[in-house]
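For reference, the structure is listed below as C-alpha cells.
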Number of protein chains: 2
Amino acid sequence: MVDGTTGGEGLLFLTDEQLRKGIEAMFFAYRGFTADPDRILEGMDYGRAHHRAIHFIHRSPGTTVSNLLAILGVTKQSLNRVLRSLIEDGLVESRVGKADKRERHLYLTPKGAELERQLSDAQRARMRAAYRAAGPAAVQGFRTVLEAMMDPELRRQYQGLRDGNA
Amino acid sequence: MVDGTTGGEGLLFLTDEQLRKGIEAMFFAYRGFTADPDRILEGMDYGRAHHRAIHFIHRSPGTTVSNLLAILGVTKQSLNRVLRSLIEDGLVESRVGKADKRERHLYLTPKGAELERQLSDAQRARMRAAYRAAGPAAVQGFRTVLEAMMDPELRRQYQGLRDGNA
DNA sequence: CTTGGAAAGTCAACAAGGCTGACGTAAATT
DNA sequence: AATTTACGTCAGCCTTGTTGACTTTCCAAG
C-alpha cells in the first residue's frame with residue numbers, strides 16, 4: 001500500500017517498515033521511560049497510578065478531582081482508590097473549594113513533594129541523558145512527532161491546561 | 001540544578017521544564033499510540049497483551065517462547081496464559097522444534113495474520129499521519145531520542161533481533 | 001546409561017489497577 | 001423546589017502482571 005516510491009522524492013520514511021520500527025521504538029522506549037520510577041515505587045505500597053497522580057498534582061497544585069480525572073483518563077472510582085491512600089498516608093492534601101464547596105483542591109504535602117522529587121529526579125535523569133545524547137534538533141523532532149500522535153483532546157491538555165481552573 | 005545557562009549556547013533544551021514537557025509528551029502520546037488497537041480489541045476476549053504477542057510473532061515468525069519472553073519482559077506464566085488462548089482460538093500455531101524438540105516455534109495462522117493486519121493497520125495509520133505531519137527530519141529525531149531512552153538490553157533487542165532463531 | 005539442568009507447561013494464589021453499576025450527600029443552579 | 005454537579009464509596013468483575021511449586025520433555029555431559 002505504501003511503497004515509498006510514489007513521490008520519487010523523500011517519502012521513504014513513510015514505508016510500512018519504517019512505521020513498524022517507530023511502533024517498536026515507542027514500545028521499548030516506554031519501558032525505559034517507566035522503569036526508574038517503577039523501581040523506586042516497588043516495595044512502597046504505590047504503583048504507576050500513584051506516580052501519575054502525584055505528577056499532575058505537583059504540576060497543577062490546587063487542581064480539582066474532575067481536572068485530574070480528565071487528564072488521567074480513568075474512572076473516578078479508580079482515581080479515588082489511589083487518591084484515598086495518598087491522602088491517608090499524608091502525601092496529598094484535599095481542601096474544600098472556597099468558591100465552590102463541592103470541589104476538592106489537591107496539593108502535595110511536604111512529604112508528597114519529597115516523593116515527587118525523588119520520582120521525577122529519576123525520570124528526568126534518564127530523559128536528560130537521552131536528550132543530551134540525541135541533541136537539540138532531535139529533541140525538537142521527538143516532541144513534534146509525539147504531539148502529532150496524541151488524540152486532539154489530549155493534545156490540548158498537553159499544550160494548554162491553564163483553562164478549567166477559572 | 002539544570003539552569004540552562006551554563007554553556008551560554010544552546011542548552012536550554014535540558015532545563016527541568018523542557019524535560020517535564022518531554023515526560024508528559026511521552027505519557028499523552030503513548031495513550032494515543034495504544035488507543036486504536038485497544039478499541040479494536042475491546043469486545044473480543046483479547047487485550048493489549050495479546051496484541052503484543054501477535055505483533056512480535058508476526059515480526060519474527062518461528063520465534064520461540066523464550067525469545068518472546070525476553071522481548072516482552074513478562075513472566076512465562078503471564079505469557080503462557082495469553083499464548084494459550086491464542087492457540088486455542090486458532091490464531092497462533094505452536095510447532096515443536098526440529099533441532100531442539102523442547103522448543104516451541106510460534107507462527108500466526110491465517111486467522112491470526114488477519115487480526116494482526118487489522119491491528120497494525122490501525123496503529124500504522126496513526127503513526128503515518130503523525131510522521132507525515134511532522135516530516136522526515138522530525139521523524140529522524142523522534143527515533144534517535146526514543147532509542148537513547150531505552151535500556152541498553154532492550155536497545156539491542158530493538159536494533160538486532162536477527163539472532164536467536166538459528 | 002545416568003543424571004543434571006534447560007525449556008516448556010501447568011496449577012494455585014495473589015495484587016494492582018482498570019472497569020461498571022448503584023447509591024449517598026452536599027452544594028450549586030435553574 | 002427540583003435538578004444537576006462534584007465527589008465519595010461499596011460491591012463486584014476483568015486483565016495482566018507477580019511468586020512459588022511441580023511436572024514433563026529432552027539435550028548433553030559425565
Side-chain angles (χ1 to χ4, degrees), chain A residues 27 30-31 34-35 37-54 57 62-89 92-106 164-166, chain B residues 27 30-31 34-35 37-54 57 62-89 92-106 164-166:
Chain A
F27 172 69
Y30 199 77
R31 290 253 297 273
T34 56
D38 281 0
R39 232 177 325 260
I40 292 171
L41 262 342
E42 100 179 350
M44 307 196 200
D45 280 356
Y46 306 134
R48 219 177 273 181
H50 299 83
H51 181 193
R52 291 197 280 257
I54 287 174
I57 293 171
T63 190
T64 63
V65 173
S66 301
N67 281 340
L68 214 45
L69 244 29
I71 291 169
L72 296 176
V74 297
T75 60
K76 74 177 166 171
Q77 293 91 329
S78 229
L79 176 58
N80 195 254
R81 181 172 29 199
V82 165
L83 238 32
R84 200 189 318 162
S85 65
L86 290 174
I87 291 169
E88 274 170 10
D89 297 350
V92 168
E93 195 192 345
S94 166
R95 296 187 207 150
V96 173
K98 281 200 171 68
D100 187 334
K101 290 177 191 161
R102 290 170 307 177
E103 296 181 337
R104 301 301 137 94
H105 298 275
L106 303 170
N165 299 34
Chain B
F27 173 69
Y30 199 77
R31 290 252 295 274
T34 56
D38 281 0
R39 234 181 322 263
I40 292 171
L41 262 342
E42 101 178 349
M44 308 196 198
D45 278 356
Y46 305 135
R48 217 176 276 181
H50 299 83
H51 179 195
R52 292 198 280 256
I54 288 173
I57 293 171
T63 190
T64 63
V65 173
S66 299
N67 282 339
L68 216 44
L69 243 31
I71 291 169
L72 296 175
V74 297
T75 59
K76 73 177 167 174
Q77 292 91 332
S78 223
L79 176 58
N80 196 254
R81 179 171 33 201
V82 165
L83 239 31
R84 200 189 321 160
S85 65
L86 291 174
I87 291 169
E88 275 169 9
D89 297 350
V92 167
E93 196 194 343
S94 167
R95 295 186 209 151
V96 173
K98 280 200 173 70
D100 185 337
K101 289 176 192 163
R102 290 167 304 177
E103 295 181 338
R104 303 300 137 97
H105 297 274
L106 303 168
N165 299 34

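Chain identifiers are assigned alphabetically (A, B, ...) following the order of the sequence lines, protein sequences preceding nucleic acid strands; residue numbering begins at 1 within each chain. Note that the structure is a prediction, hence the values are computed from the model and not measured. The analysis underlying the following values was restricted to heavy atoms, covering all of them including side chains, and did not include hydrogens, waters or symmetry mates.
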Please name all residues satisfying side chain to side chain donor-acceptor pair (under 3.5 Å) with A/Ser85, sequence neighbours left out, ordered by chain then number.
A/His50
Could you give the OH-to-C1' distance, from B/Tyr46 to D/dC14, as a whole number of Å?
16 Å
Residue pairs fulfilling salt bridge (charged side-chain N to carboxylate O under 4.0 Å, His left out) with at least one residue in residues 40-51 of chain A, sequence neighbours excluded:
A/Asp38-A/Arg48
With sequence neighbours excluded, residues passing side chain to side chain donor-acceptor pair (under 3.5 Å) with A/Arg95
A/Glu93
Which of residues 95-103 of chain A have a heavy atom under 4.0 Å from DNA chain D?
A/Arg102, A/Glu103
List in chain and number order the residues that pass side chain to side chain donor-acceptor pair (under 3.5 Å) with A/Tyr30, two or more places apart in sequence or in another chain; answer none if no residue qualifies.
none
Those residues that, when tested against B/Phe27, pass ring-ring contact (aromatic ring centres under 6.0 Å, His included) (two or more places apart):
A/Phe56
Rounded to whole Å, NE2 of B/His51 lies from P of D/dT16 at a distance of 12 Å
Closest heavy-atom pair and its distance - B/Gly47, B/Leu41:
O-CG, 3.8 Å
Starting at atom CD1 of A/Ile87, determine the distance to atom C1' of D/dT9, rounded to an integer number of angstrom.
13 Å
Locate the shortest heavy-atom distance separating B/Leu72 from B/Ala53; write the atom from each residue and the value.
CD1-CA, 4.5 Å
Applying side-chain contact (heavy atoms from CB on, under 4.5 Å), can you list everything that pairs with A/Leu69, at least two apart in sequence or on another chain?
A/Val65, A/Lys76, A/Leu79
Spacing of A/Arg48 atom CZ relative to D/dT16 atom P, expressed in whole Å
14 Å
All N/O pairs under 3.5 Å across the protein-nucleotides 17-19 of chain D interface:
from: D/dG17; atom 1: OP1; to: B/Arg52; atom 2: NH2; distance (Å): 2.5
from: D/dG17; atom 1: N7; to: B/Arg81; atom 2: NH2; distance (Å): 2.4
from: D/dG17; atom 1: O6; to: B/Arg81; atom 2: NH1; distance (Å): 3.3
from: D/dT18; atom 1: OP2; to: B/Thr75; atom 2: N; distance (Å): 2.7
from: D/dT18; atom 1: OP2; to: B/Thr75; atom 2: OG1; distance (Å): 2.9

At less than 4.0 Å, is any side-chain N or O atom of B/His50 found next to OP1 or OP2 of D/dT15? Yes or no.
no
Is the distance from OP1 or OP2 of C/dG9 to the nearest side-chain N or O of B/Arg104 less than 4.0 Å?
yes
Between P of D/dA6 and CG of A/Asn80, the distance in whole Å
16 Å
Distance in angstrom units between A/Leu83 CG and D/dG8 C1', rounded:
11 Å
In whole angstrom, what separates B/Asp38's CG from C/dC19's P?
11 Å
Across all chains, not counting sequence neighbours, the side chain to side chain donor-acceptor pair (under 3.5 Å) partners of B/Arg102 are B/Asp100
Would one find a side-chain N or O of A/Arg84 under 4.0 angstrom from OP1 or OP2 of D/dT9?
yes
